[in-house]
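Here the structure is laid out as structure tokens; the discussion comes afterwards.
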Amino acid sequence: MLGSCAQPPRPSYEDCFAPLAMTNTHHPPPSYSLVFSPPVFPSLPAVSWRDFFLYHDNQPLLFTQALFWILFAGVLLVYPLIYKHIKARNLFLMAFSWFFYYKTGGWFLFLLLFTAVFDFTAAQLVYRSTNTARRKALIAASMAINLGVLAYFKYTFFFVDVVNFFSGGQYHAQNWLAALANRSLGTEFDVLTIILPVGVSFYTFQSMSYTIDVYRGDLKPVTNFLDFAFFVSFFPQLVAGPIVRASEFVPQIYQPYSLSSAEYGRAVFLIVNGLAKKILISDYIAGNFVDRVFASPLQFTGFENLMAVYGYAIQIYCDFSGYTDIAIGVALLLGFRLALNFDSPYQSTSITEFWRRWHISLSSWLRDYLYIPLGGNRRGKARAYLNQFLTMLLGGLWHGASVRFIIWGALHGGALAVHKIASSRKLQVASHEQKGLAANSLQLVASWFLTFHFVCFCWIFFRADSVATATAVVHRICTAFQPELIPAMLPAYARVFGLMALAYYLHFIPRPVKEGVRGWFGRVPDVGKALLIVAVVVLLFQVKNAQMQPFIYFQF
């Protein structure tokens, strides 16, 4: 099977997706610098047309690659010829989406198509059935197949390890799909490795929500399979979200194209902003500092470990929100509106508020399709707290088949339950959104401080390649801080820390100011926009890593 990442006990997710960690055995740490040399743009390697159209497992198509923007420029050249014809527009975008996914995930394109065919059929059968028992059986079968496919690709090795641990057995997982292909097609796939399809969790959740909404009577199914396939495979958000609801996207499929000048300016701004977040901030901080510390935390002081935690917090935000900024901007240029997915989450003054601002599409999905079906808050406070904890625990497992992800989800689930209990007893200050100016400023600052550092503490388990590494990071922070070395370290890490400080500063700018900047950019003449874009592109080429790094959430 071709794809992008093998599951344990093969190389870990981080081994597959995170930048290669470089250990640092010297103190003081080396100095890192942004190189502002005259622009040197890499020449594109000579490739045949065959290579251009084929998938290469070591070169997945990314938003940060020049090849993607060349392809997207081709889409924009063709688009004016067809966008007035809705069916032709949808078919064209669907075909490009399939090609995009093939270039990103290889032959797992057929798994995407299987998901589309299966859930389209299941929704039709559920909608047409008037027998309650049959409807329940159909939706149960639909969920079992979807979750079964997800579990097979994502959790097989984890489940086998758990069984071996408790039973003392020596069972081994085998890729029966690869074995079947080898027998029937004469291929030579590795039967001891199960490859994780890119974006499988996102498009599976998206497709499942459609079927569940039809079952609940909240949505009428689409009558044309191609329309549903377009919804499932729309390329801007296909491989890393945001998770799009059918009720929000499907109506747009049948609407004529429209794009105001203000929306055009916003789309371009989001794309440029997303690229800057990813390449200038996230990749640079990761490659020059965060990855090195997490690769060998015992070789660094507690201060360096703490700064690496702060660095990862802003890295993952810029990485993921950068992707969704690009996705929203690209979709908007094509006339489709995707919902906001991040809303300055580190400004939150409670863990509850944080989850209203972080990865909004996932948190709302977990609420509507997991927390509420578990009973929500309809069965008393104690059951509501338990449901919230279980939702976040499963949300952690969704991120990866590892104990550290379970710990991450359990920590957030426990914190949400504690916050709800404290809020109900009026023992904790409510969030700024709830109290507004009535809340004491000092209390708000204290609430923000506690919330931010709790989230950062949880990120340690999310980022570390093992629980042992996470424990080592915490141990170094608590026992080997070595503050006397800080004055010598600051100059060595000046540019990395400066970039981190700049990123946090921009993150905490009030929303009206950010919207004002976006509005100003939209009013800038096209020539001015072009000059600004060229300046940003030149800057990004000067600071980018030698090898472009995939987005963190590709592994999910």
Side-chain angles (χ1 to χ4, degrees), residues 135-136 139-140 142-144 146-148 150-151 154-155 158-159 162 201-202 204-219 241-243 245 247 341 343 345 348-431 433-434 447 450-451 454-455 457-459 461-462 556:
R135 283 168 53 83
K136 288 182 177 180
I139 195 63
S142 172
M143 294 179 65
N146 278 289
L147 295 177
L150 192 60
K154 203 165 185 177
Y155 304 107
F158 180 74
F159 291 151
V162 170
S201 296
F202 289 98
T204 299
F205 272 23
Q206 184 167 309
S207 187
M208 277 179 59
S209 68
Y210 165 81
T211 310
I212 294 171
D213 284 348
V214 171
Y215 170 78
R216 290 175 174 175
D218 298 332
L219 182 72
I243 301 171
R245 303 287 183 91
S247 58
N341 204 32
D343 185 14
S348 305
T349 56
S350 73
I351 194 65
T352 301
E353 183 182 351
F354 174 80
W355 279 104
R356 289 202 300 267
R357 291 170 173 262
W358 177 272
H359 201 344
I360 299 169
S361 64
L362 175 61
S363 58
S364 63
W365 196 100
L366 292 174
R367 179 198 63 208
D368 294 343
Y369 299 103
L370 188 56
Y371 173 71
I372 292 177
L374 284 173
N377 58 2
R378 300 189 303 273
R379 300 179 183 178
K381 291 183 178 180
R383 180 61 182 272
Y385 303 147
L386 177 61
N387 290 339
Q388 199 160 43
F389 176 79
L390 291 175
T391 298
M392 292 307 302
L393 188 69
L394 293 173
L397 188 61
W398 176 87
H399 283 86
S402 172
V403 173
R404 58 193 179 83
F405 286 119
I406 296 175
I407 293 173
W408 178 82
L411 287 170
H412 275 281
L416 286 168
V418 168
H419 178 255
K420 290 296 185 183
I421 294 172
S423 297
S424 66
R425 296 178 181 178
K426 300 181 180 180
L427 295 178
Q428 180 166 324
V429 178
S431 70
E433 290 183 351
Q434 293 170 321
S447 297
L450 290 173
T451 300
F454 174 78
V455 170
F457 173 74
C458 295
W459 283 138
F461 294 92
F462 197 95
F556 307 132

Q | Separation between CZ of R383 and CG of L374, rounded to the nearest 0.5 Å | A | 7.0 Å
Q) What are the two closest non-hydrogen atoms of M208 and L147, and how far apart are they? A) SD-CD2, 3.9 Å
(Q) Please find the pair of heavy atoms, one from V403 and one from F158, that lie closest to each other, and give the distance. (A) N-CE1, 4.4 Å
Q. Looking at OH of Y385 and CD1 of I421, how far apart are the two atoms once the value is rounded to the nearest 0.5 Å?
A. 5.0 Å
Q | ring-ring contact (aromatic ring centres under 6.0 Å, His included) evaluation trace for F461 with W408 | A | CA-CA 6 Å; F461 294 92; W408 178 82; over 10 Å; no
(Q) For a 4.5 angstrom cut-off between non-hydrogen side-chain atoms, does L411 reach F457? (A) yes
(Q) So, taking the atom named CD1 in I243 and the one named OG in S201, what distance separates them when rounded to the nearest 0.5 Å? (A) 8.5 Å
Q | For the student: nearest non-hydrogen atoms of F462 and R404, plus distance | A | O-NH1, 2.8 Å
(Q) Donor-acceptor check, side chain of R356 to backbone of S363, threshold 3.5 angstrom: yes or no? (A) no
Q. Do any N or O atoms from the side chain of S207 and from the backbone of T204 form a donor-acceptor pair under 3.5 angstrom?
A. no
Q | Whether Y155 side chain and L397 backbone form a donor-acceptor pair below 3.5 Å | A | yes
**Q.** Any side-chain heavy-atom pair of W355 and I360 under 4.5 Å
**A.** no
Q.
Using every non-hydrogen atom in the two residues, find where S364 and S361 come nearest and quote the distance to one decimal.
A. OG-O, 3.1 Å
Q. At their closest point, which heavy atom of V214 faces which heavy atom of R135, and how far apart are they?
A. O-NH2, 4.4 Å
Q: State whether R245 and D368 are salt-bridged, where the test is any N-O pair (Lys NZ or Arg NE/NH1/NH2 against Asp/Glu carboxylate O) under 4.0 Å.
A: yes
Q) About how many Å separate CG of L393 and CG of L386, when rounded to the nearest 0.5 Å? A) 10.0 Å
Q | Nearest atoms (heavy-atom pairs only) where R357 meets D343 | A | NH1-O, 2.8 Å
Q. Using 30° and 60° as the class limits, which term best fits the ring planes of W358 and F354: parallel, tilted or perpendicular?
A. parallel
Q.
If you take the centroid of each ring, where Trp contributes its six-membered ring, are F202 and W398 closer together than 6.0 Å?
A. yes
(Q) So T391 and R367, do their side chains get closer than 4.5 Å, heavy atoms only? (A) no
(Q) Within this structure, what is the CD1-CG distance for the pair I406 and L394, rounded to the nearest 0.5 Å? (A) 9.5 Å
Q. Quick one: does D218's side chain have a donor or acceptor within less than 3.5 Å of a partner on D213's backbone?
A. no
Q. According to the interplanar angle, ranging from 0 to 90°, do the rings of Y369 and W365 count as parallel (below 30°), tilted (30 to 60°) or perpendicular (above 60°)?
A. tilted
Q: Evaluate side chain to side chain contact (heavy atoms under 4.5 Å, CB included) for I351 paired with F454, printing each intermediate quantity in order.
A: CA-CA 8 Å; I351 194 65; F454 174 78; 3.9 Å; yes
Q: Could you grab the distance from atom NE2 of H399 to atom NE2 of H359, nearest 0.5 Å is fine?
A: 5.5 Å
